[in-house]
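Here's the structure we're looking at; comments come further down.
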Amino acid sequence: MHVLPYSDYLIDLYGNVLVTSADLTKHNPDLARRFATALMQGLRYAVDHPEEAGDILHRHQPTTDAAPAAAELELMRPYVVPGQPAAAGAFDPSRVARSVATMQAAALIPAFVDPRTFVDFTILPGATQPTITKAEVAR
């Protein structure tokens, strides 16, 4: 199996993210927070127990082979548990700003987009909405 880590070629871009509507995070933030927390706990368990997770996936999706699924989870572990103090799934505001700047440089999004318009930094427990400036996005 081969791995192509985004970070080797697209510095600071996030890979997979959880997406929901702004309406849900605004009107039912507790549900969004509980779902995100449970999803991250499940992901962490899966990368800590890849063989078991592969077997469970195969049991529920028989066309998926357990061994390659387990191998993929083993390869994902360093990205899920990065060895940093941040919780799995947490967004770093500065890194998000740099990701936005990278996408702006490639003309994929408008010149100045405030990441807080599409990232809710408060969904994971203990998180707060950061202050992000144009200068930070331009870095």
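Because the structure is predicted, anything quoted here is derived from the model rather than measured.
- Between A53 and L73, the shortest heavy-atom distance links the atoms CB-CD1, 3.5 Å.
- The two residues T25 and P29 come nearest to each other via the heavy atoms O-CB, 3.2 Å.
- Using a 4.5 Å heavy-atom threshold, the side chains of T20 and F35 count as separate.
- Connection of V96 to V19 is established within a shared hydrophobic cluster, with ILVMFWY side chains joined at heavy-atom distances below 4.5 Å, either directly or through further cluster members.
- Atom CD of residue E72 and atom CG of residue D65 lie 12.5 Å apart, to the nearest 0.5 angstrom.
- Taking NE2 of H49 as the reference point, atom CG of D55 lies at 13.0 Å (rounded to 0.5 Å).
- Counting heavy atoms from C-beta outward, E51 and E74 have side chains that approach closer than 4.5 Å.
- Put simply, CD on E52 and CG on L57 are 12.5 Å apart, with the number rounded to the nearest 0.5 Å.
- In this structure the side chain of M40 never reaches within 4.5 angstrom of the side chain of V80, judged on heavy atoms.
- No side-chain donor-acceptor contact under 3.5 Å links H58 to the backbone of G54.
- Closest approach of M76 to V47, counting heavy atoms only: CB-CG1, 4.4 Å.
- Atom-to-atom distance recorded for L39:CG and R44:CZ is 14.0 Å, nearest 0.5 angstrom.
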